[in-house]
Amino acid sequence: MATLKAVRGTRDLLPPETALWNRIEATARAVFARYNFGEIRTPVFEETSLFARGVGEETDIVSKEMYTWEDRARAASEKTQSLTLRPENTAGVVRAYIEHQLGETGQLQKLYYIGPQFRRERPQKGRYRQFYQIGAEVIGPPSAGSESPLRDAEVLEMLATLLDELGITGWTLELNSVGSSADRGRYNQALREALAPVVSQMCPDCQRRAVTNPLRVLDCKVPEDQPIIDALPRIADHLDQESERHFAAVTAALDAAYVPYRRNHRLVRGLDYYTRTTFEFTHGGLGAQNALLGGGRYDGLSEAIGGPKAPGIGFAMGEDRLALTLLAQEAAKAPLADAYVAPLGETMNAAALQLARELRHLGLWVELGEGSFRLKKSFEAADKTARQMVILGEDELQSGMLTVKNFSTGMQTKVPRAELAGFLSQPDC
RNA sequence: GCGGCAGUAGUUCAGUGGCAGAACGCCUGACUGUGGCUCAGGAUGUCGUGGGUUCGAUCCCCACCCGCCGCCCCA
């Protein structure tokens, strides 16, 4: 029988890497809380139509990357239902916003989520079929200020803070505006017209994109095509006055908050629901998957899925890539316990558990050894798992003076049991 | 989904149509309450899976699985 393994594109996260993941999530939660975001948890699966309408029927995500199945009927009278593992979380959050009539509160909703998403893509490093996203949405009725460029700037400033606090060095914020959907339609047309006379000089990929999806031409990385692309019309020149003013206000607020950004006229990508502000935080060293997070404004999404007018802005951050980036920066090494309690002889095992319990109740991180080990073996095990080792033999039990070995200083000390926890808590010197 | 490269010990990787290898790690002992250094010994394994060619396949061929790189797309 073939051995069982995690299915393609999925994986197990094990210590010590999970410690890094926990740190990432704890940092995100702490930052979000300071910006007055609350956590939302939506189901990992939803009705298929939510994603079809919210994300866009024509997008690759919906047309070929979703895990969709027909949920079977339990009774003859019940209909089957098409369900889908969520490929992203914004649609689910907006669905919940509508379902719970959060707009009726009149308040701006600031919600964040952390959880797995599912897309049936070809796996690669930093790209999995079950992947994890940390994201947030600011959404509400226009009267709550949900359309304000200040919201965009606040979210971007929060993200800059979060990446800094996570210890990501060398990130770049790329920023653009895609205007209204009407603006985008006009721009698409202008792009097609501008491409027509020059496309024959471009790479085969671009020749194909020019027909199927002209916006994708802007992503081309072939060096020879760059001068041609630079000469193409920019969406900035096709924005209506409102969108232009909105974008100017966003950048003014970013300047005031000292958030560095780079205008990227080619950043027009994104899902169907994006309007106006779009952005990406990128980082080198991730290969073709250089985006750490992406997001933008989606003023029409709620209405697209049958809800009230509820403009919003949000982002999703790839936690897998974040962990990868941090791992490359700091080479996650397993942290060490405060102490390893080594009983000397099996008869000392029970007393060792009692000692370990005492120390653990005082908040120390303690590993418990095994009395059948020879002292040499205890030392070897302790050296790998803890900063210090506490020897508990007959002598120590009788005298109440415990033997403590510090592995970084090499010092061995006799410590009264009452002072043990305090002694072990001292940092190495 | 398309194109390319790979899969051998826990890990990183050599290797050959004819006994399955190294380094590191692991275990035991030298050393019965003192680790790291040293020395001596030991175990590593369906050579990704299934077929085919062959007297014989880990090696050659085919298919599949999985990973990596790029494309598509995206976080």
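Below, chain A is the first sequence line, B the second, and so on; all start at residue 1. In this text the structure is predicted, and so the values were computed from the model without any measurement. When reading the values below, keep in mind they use all heavy atoms of this one structure, side chains included, and skip hydrogens, waters and symmetry mates.
The stretch residues 156-176 of chain A participates, sequence neighbours left out, in these salt bridge (charged side-chain N to carboxylate O under 4.0 Å, His left out) pairs: R34(A)-E165(A), E174(A)-R262(A). Applying the salt bridge (charged side-chain N to carboxylate O under 4.0 Å, His left out) test to every pair with at least one member in residues 338-359 of chain A, sequence neighbours left out, gives these pairs: D338(A)-R387(A), E358(A)-R417(A).
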Do any N or O atoms of the protein come closer than 3.5 Å to N or O atoms of nucleotides 2-8 of chain B, and which pairs are they?
| from | atom 1 | to | atom 2 | distance (Å) |
| --- | --- | --- | --- | --- |
| C2(B) | N4 | R122(A) | NH1 | 3.1 |

With 3.5 Å as the limit, what N/O pairs link the protein to nucleotides 25-28 of chain B?
| from | atom 1 | to | atom 2 | distance (Å) |
| --- | --- | --- | --- | --- |
| C26(B) | OP1 | K384(A) | NZ | 2.6 |
| U28(B) | OP1 | K377(A) | NZ | 3.4 |

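Not counting sequence neighbours, the partners of F423(A) by the side chain to side chain contact (heavy atoms under 4.5 Å, CB included) test are Q388(A), V404(A), T413(A), V415(A), Q426(A). Judged as a side chain to side chain contact (heavy atoms under 4.5 Å, CB included), and not counting sequence neighbours, the contacts of H238(A) are Y187(A), A190(A), P233(A). The side chain to side chain donor-acceptor pair (under 3.5 Å) check on K384(A) picks up nothing, with sequence neighbours excluded. Under the side chain to side chain contact (heavy atoms under 4.5 Å, CB included) criterion, A352(A) pairs with V341(A), P343(A), L368(A), L392(A), not counting sequence neighbours. Considering only residues two or more places apart in sequence or on other chains, E46(A) meets the side chain to side chain contact (heavy atoms under 4.5 Å, CB included) condition with T42(A), P43(A), L50(A), F51(A), R95(A). For Y298(A), the side chain to side chain donor-acceptor pair (under 3.5 Å) partners are E137(A), not counting sequence neighbours.
With a glycosidic angle further than 90° from 0, C66(B) counts as anti.
Between the base of G67(B) and the side chain of Q124(A) there is no donor-acceptor pair shorter than 3.5 Å. Side-chain atoms of R127(A) and base atoms of A75(B) include no donor and acceptor less than 3.5 Å apart. Judged by distance alone with a 3.5 Å cut-off, no donor-acceptor contact links the side chain of Q412(A) to the base of G35(B). Residue side chain K405(A) reaches the base of G35(B) through a donor-acceptor N/O pair under 3.5 Å, judged by distance alone.
For the strand RNA chain B, secondary-structure stems (runs of at least three Watson-Crick or G-U pairs, all distances below 3.5 Å) span B:1-5 with B:67-71, B:10-13 with B:21-24, B:26-30 with B:38-42, B:48-52 with B:60-64.
Atom C1' of nucleotide A75(B) and atom CG of L162(A) are separated by 14 Å, given to the nearest angstrom. Atom CD in Q207(A) sits about 16 Å away from atom C1' in C71(B), given to the nearest Å. A75(B) atom C1' lies 17 Å from atom CZ of R129(A), rounded to whole Å. Spacing between atom CZ of F379(A) and atom P of U32(B) amounts to 14 Å, rounded to whole angstrom units.
At distances below 3.5 Å, not a single donor-acceptor pair connects side-chain atoms of R184(A) with backbone N or O atoms of T275(A).
A heavy atom lying under 4.0 Å from RNA chain B marks none of the residues of residues 89-98 of chain A.
Separating the CG atom in L293(A) from the CE atom in M317(A) is a distance of 4.5 Å, to the nearest 0.5 Å.
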